[in-house]
Every structure is written in structure tokens, then in C-alpha cells.
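For reference, the structure is listed below as C-alpha cells.
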Amino acid sequence: MPELPEVETIVRRFRPRLLRKRIAGFEASWPRQISPSVARVRRAVCGRRILELARRGKLIVIHLDDGSALLLHLKMSGRLAWVDRSGVRLPEPHERARLIMQGGERLLFCDARKFGRIRHVRDVEAALDALGPEPLSAGFDAARLLRMLGERRRRIKPLLLDQAFVAGLGNIYTDEALFRAGLHPLRRACDLDPNEVRRLRRAIRSVLRDGIRRCGTSIDWIYPGGRMQDYLRVYGRAGEPCPRCGTPIQRIMAGQRSTHLCPRCQPP
DNA sequence: CGCCATGTTAGAGG
DNA sequence: TCCTCTAACATGGC
């Protein structure tokens, strides 16, 4: 799935089309993806105006004019598509749900694997509070990260993938951040010294900003248009020489996820 | 056919 | 409580 930079790119692209639009209909062909139910979401959103389109972690947040919101999670293979007033379009494969605007424009939710979710929530703040801090926000400072890491014994890689710890990192950007910080993915969080924590924070923020600047990472047909794949230094490069020291990049498993690292630049 | 995949979560067990 | 692992969700590409 899209990680933070891909979701941010999607939100920026769709915001101008959705802002101030009034919703006239909602349909879904795979009801398990819709919460609390297709009928209840339809009742909740029809007639509402879209006030804002935002991102929180990997969630797309569609704020409505009654204070409620639609939360879209693309998971592994979700994708958005847009149908304008003319209705002319190529057939979108794996279309699972659509939000119909007054005037006929449509936001399509497409998802080959059906892991994606659409949720309508009345208490938006409560729903978003389940996530950890935004890594690009001012509140994500070194002192706070040091405190957060200090009370965790987990290995750093699975901890960074935990959305309740920090929101938005996925498998690609976590490996890239740990490489930039020179930290081994299996290090225990509480063992990192203040200097290493500062490096980690800088690495996370710089790799996410670079990802956004490149419009995200495109490594298959699910998410086209990004350029960050050309700037990844370890992810998907097992066996290739480390760009910094030439040592072959290693691929190991960490928390059931494939993990890429330079054994020399990221010593255990 | 077997293995892999940018994600998350429930449940079991240490 | 905390952490780790497995299975599950469901499909497509290699």
C-alpha cells in the first residue's frame, strides 16, 4: 500500500476536486470494506458537503459539514480514481465503491485485494487519536522521541511500523530511514542513545520529505507516477552494493516483514 | 505451483 | 503487560 508520502500525494491531487462538493450518493460492491455498513454510510454522507480533504498517517480524511468524516485506508492495493462531469473514462479495474457528487462527478475507490477500508465516524478526533504522532509535525521532536523509545523494549523496525507509535511509516520508508540513520533494524528501541535518536528523527523526516517531493514510490501497477523508487538506497536492493560503502545489501526478516540493510553501515 | 507483495489485526503463547 | 509469532483478509505478478 501507499505509505505516508504516497497518501500525501494522493490527498494533494484530489483535494481541489473534492473541496466544497456536495455528496449525492454512495455505493459499494464489497460491503465488508464499509463500516458501519453501506446503508448507514450512505445515509450519513448523502446531502453533506465536503469541507476538507486531509491526511493523518496513512489515512485519507474527508471532513464533512456536520463534523463527521469518512476515513479511507488504502491498505496494500487501494487506489482512488476520478470521473468528471462528462462521465467519460476508461473502465477502472477492481472498482469497489464510489462516492457520487451532486452534478455527477465520482470518486472511485478501487482495490484489487479488498483489504482497503472506508469508515464513517462521528467522533473524528477519537478515531485519529488511536494513531501515534505525525512524524512531520513540529511535535515530533527529539526529546519526545527519546522518551517514547526509552520505554519500549521492542526492536526498532517493528516499532516504527506500529501506527500507534508513529503514524505513516511503512516497510519501504522504515528501511530507508534506518539506513540513513545508520541503525540496525533489530536494535532494541530503549538501547538507542540520544545521538542515535536524533539521527533517527532526522532520517525519518528527511526520507518522508524526499518521498513527498518525488510524489511517492512507484514499484508496481498499483501506484503509478512516483519517482522515489529511483532514490531508494536499500529497499528492494538485496545483493547490490551499498551506495555508501559497497558492501552487499542484506535482506533479513524482522517482525515478519522483509527488511533491507547494509550490514556495515548499520552494525548490530 | 510456490513464493512474494508499500498493511493491519485477532489470537495464542512465552 | 509487553512482546513475538501465526493466521487471516484476497488477489495478482513473477
Side-chain angles (χ1 to χ4, degrees), chain A residues 1-11 28-35 55-60 71-80 92-97 109-119 121 127-128 130-132 135 148-179 185-191 204 207-208 210-212 214-239 251-260:
Chain A
M1 148 203 173
E3 303 180 30
L4 187 153
E6 290 76 40
V7 178
E8 179 65 27
T9 302
I10 291 167
V11 164
S29 55
W30 194 255
R32 307 174 59 151
Q33 297 186 282
I34 314 301
S35 158
R55 177 194 58 73
R56 174 79 168 90
K58 302 173 190 175
L59 280 175
I60 298 165
L71 306 182
L72 276 50
H73 201 308
L74 301 172
K75 293 283 180 86
M76 292 285 273
S77 58
R79 195 162 61 71
L80 298 184
E92 294 291 338
H94 315 300
E95 183 182 332
R96 309 297 182 195
F109 185 85
C110 309
D111 185 6
R113 292 170 73 178
K114 304 176 184 168
F115 287 176
R117 291 291 177 267
I118 295 178
R119 232 180 358 137
V121 293
L128 300 184
L131 296 172
M148 288 165 58
L149 291 168
E151 49 203 34
R152 301 300 212 104
R153 300 215 64 226
R154 291 179 78 179
R155 300 178 190 277
I156 187 67
K157 159 115 185 198
L159 184 61
L160 292 177
L161 288 176
D162 183 346
Q163 301 301 298
F165 182 77
V166 55
L169 288 170
N171 210 30
I172 295 176
Y173 293 96
T174 300
D175 282 3
E176 293 298 315
L178 289 171
F179 172 77
L186 298 181
R187 295 275 304 278
R188 301 232 175 243
C190 56
D191 290 343
I204 289 171
V207 80
L208 291 176
D210 286 352
I212 292 171
R214 310 284 184 206
C215 295
T217 303
S218 298
I219 56 179
D220 61 26
W221 52 277
I222 293 167
Y223 180 85
R227 299 181 308 279
M228 187 62 183
Q229 66 278 4
D230 298 332
Y231 301 87
L232 301 179
R233 312 242 268 272
V234 288
Y235 183 87
R237 301 195 182 281
R251 179 178 176 273
I252 63 173
M253 293 307 278
Q256 328 316 124
R257 307 302 303 280
S258 79
T259 298
H260 312 75

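Small disclaimer: the values here were computed from a predicted structure and weren't measured. Just so we're on the same page: letters track the sequence lines, and every chain starts at 1.
Atom-to-atom distance recorded for A:R32:CZ and A:F115:CZ is 10.5 Å, nearest 0.5 angstrom.
Between B:dT6 and A:Y173, no contact under 4.0 Å exists linking OP1 or OP2 to a side-chain N or O. One finds a side-chain N or O of A:K58 lying less than 4.0 angstrom from the OP1 or OP2 phosphate oxygen of B:dG7. An OP1 or OP2 oxygen of B:dA5 is reached within less than 4.0 angstrom by a side-chain nitrogen or oxygen of A:S258.
Other residues, nucleotides and ligands contribute only 12 or fewer heavy atoms inside 6.0 Å of the CZ atom of A:R119.
In this structure B:dT6 sits in no base pair that meets the Watson-Crick or G-U test at under 3.5 Å. Base pairing analysis places C:dA10 opposite nothing; no Watson-Crick or G-U wobble pair with both distances below 3.5 Å involves it.
Between the side chains of A:E6 and A:Y173, a donor-acceptor pair is found at a separation under 3.5 Å.
Distance CG (A:L74) to C1' (B:dT6): 11 Å, rounded to an integer number of Å. In this structure, CG of A:L131 is placed 14 Å from P of B:dG7, rounded to the nearest angstrom. Taking atom CG on A:N171 and atom C1' on B:dC4, their separation rounds to 12 Å, with Å as the unit. Atom C1' of nucleotide B:dA5 and atom CD1 of A:I222 are separated by 8 Å, given to the nearest angstrom. The distance from atom CG of A:D111 to atom P of B:dA5 is 18 Å, rounded to the nearest whole Å. The CG atom of A:L161 sits 15 Å away from the P atom of C:dC3 (whole-angstrom rounding). If you take CG of A:L160 and P of B:dG7, they are 13 Å apart, rounded to a whole angstrom. Between the CG atom of A:L208 and the C1' atom of B:dT6 there is a distance of 13 Å, rounded to whole Å.
Taking atom P on both B:dC3 and C:dT6, the two are 15 Å apart, rounded to the nearest angstrom. Separating the P atom of B:dG2 from that of C:dA7 is a span of 16 Å, rounded to the nearest Å.
A:R155 pairs by the salt bridge (Lys or Arg N to Asp or Glu O under 4.0 Å) definition with nothing, not counting sequence neighbours.
Within the 4.5 Å cutoff, the side chain of A:E176 has heavy atoms near those of the A:V234 side chain.
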Sugar-phosphate or base contact per nucleotide [nucleotides 4-14 of chain C; S, B, -; heavy atom under 4.0 Å]: SSB--BBBSS-
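Residue A:T217 comes nearest to A:Y223 through the heavy atom pair O-CD2, 3.3 Å, listed as atom of the first residue, atom of the second, then distance. For the pair A:K114 and A:S77, the tightest heavy-atom approach, listed with the atom from each and the gap, is N-OG, 4.4 Å. Pairing each heavy atom of A:P5 with each of A:G211, the nearest pair is CB-C, 3.6 Å.
At a threshold of 4.0 angstrom between heavy atoms, the contacts of A:R251 are confined to the sugar-phosphate backbone, with no base atom among them.
With A:Y231 as the aromatic partner, A:R214 meets the cation-pi criteria of under 6.0 angstrom to the ring centre and within 45 degrees of the ring axis.
For the segment residues 224-232 of chain A, the set of residues with a heavy atom within less than 4.0 Å of an atom of DNA chain B is empty.
The only option from A:D162, A:D175, A:L208 that meets the side-chain contact (heavy atoms from CB on, under 4.5 Å) definition with A:L169 turns out to be A:L208.
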